[in-house]
Amino acid sequence: MTDDTDAETLAFAHRMFDLARGGMTEELAGQVDAGLPVNLGSPSAVDIARFFDLPEMLAALGRS
């Protein structure tokens, strides 16, 4: 993210990464269904799901 990212957008991104780290598949998948890119950020939700070995999340993200 760039330095000019507004605080609300940054907070949303942090919440999405927290969902990924916490294995909150259903809620994160809902955000992806609503248009959230699965490759947002570095690491992305896909990277986090792989790191934490969360196969259900990977499947929900379409990256199994």
Side-chain angles (χ1 to χ4, degrees):
M1 302 210 186
T2 63
D3 290 335
D4 60 346
T5 303
D6 66 83
E8 184 177 345
T9 300
L10 192 55
F12 175 78
H14 282 282
R15 284 194 307 275
M16 297 303 102
F17 296 132
D18 288 343
L19 292 176
R21 282 189 292 272
M24 307 295 289
T25 301
E26 189 173 320
E27 191 171 346
L28 184 61
Q31 294 295 330
V32 170
D33 290 345
L36 179 71
V38 297
N39 61 349
L40 173 71
S42 180
S44 69
V46 171
D47 296 328
I48 292 168
R50 285 185 180 136
F51 180 81
F52 286 102
D53 192 25
L54 301 169
E56 294 91 10
M57 183 173 292
L58 286 170
L61 296 174
R63 303 300 176 129
S64 55

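Worth knowing before you read on, the calculation uses all heavy atoms, side chains too, and leaves out hydrogens, waters and symmetry mates.
- Rounded to the nearest 0.5 angstrom, F52 CZ and L58 CG are separated by 12.5 Å.
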Would you be so kind as to tabulate the donor-acceptor pairs closer than 3.5 Å made by side chains of residues 25-34, with sequence neighbours excluded?
none

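- For A20 against L54, the heavy-atom pair with the smallest separation is O-CD1, 3.6 Å.
- Salt bridge annotation for D18-R15: absent, with no cationic side-chain nitrogen under 4.0 angstrom from a carboxylate oxygen.
- Distance check, rounded to the nearest 0.5 Å: CE of M16 to CD1 of I48 gives 11.5 Å.
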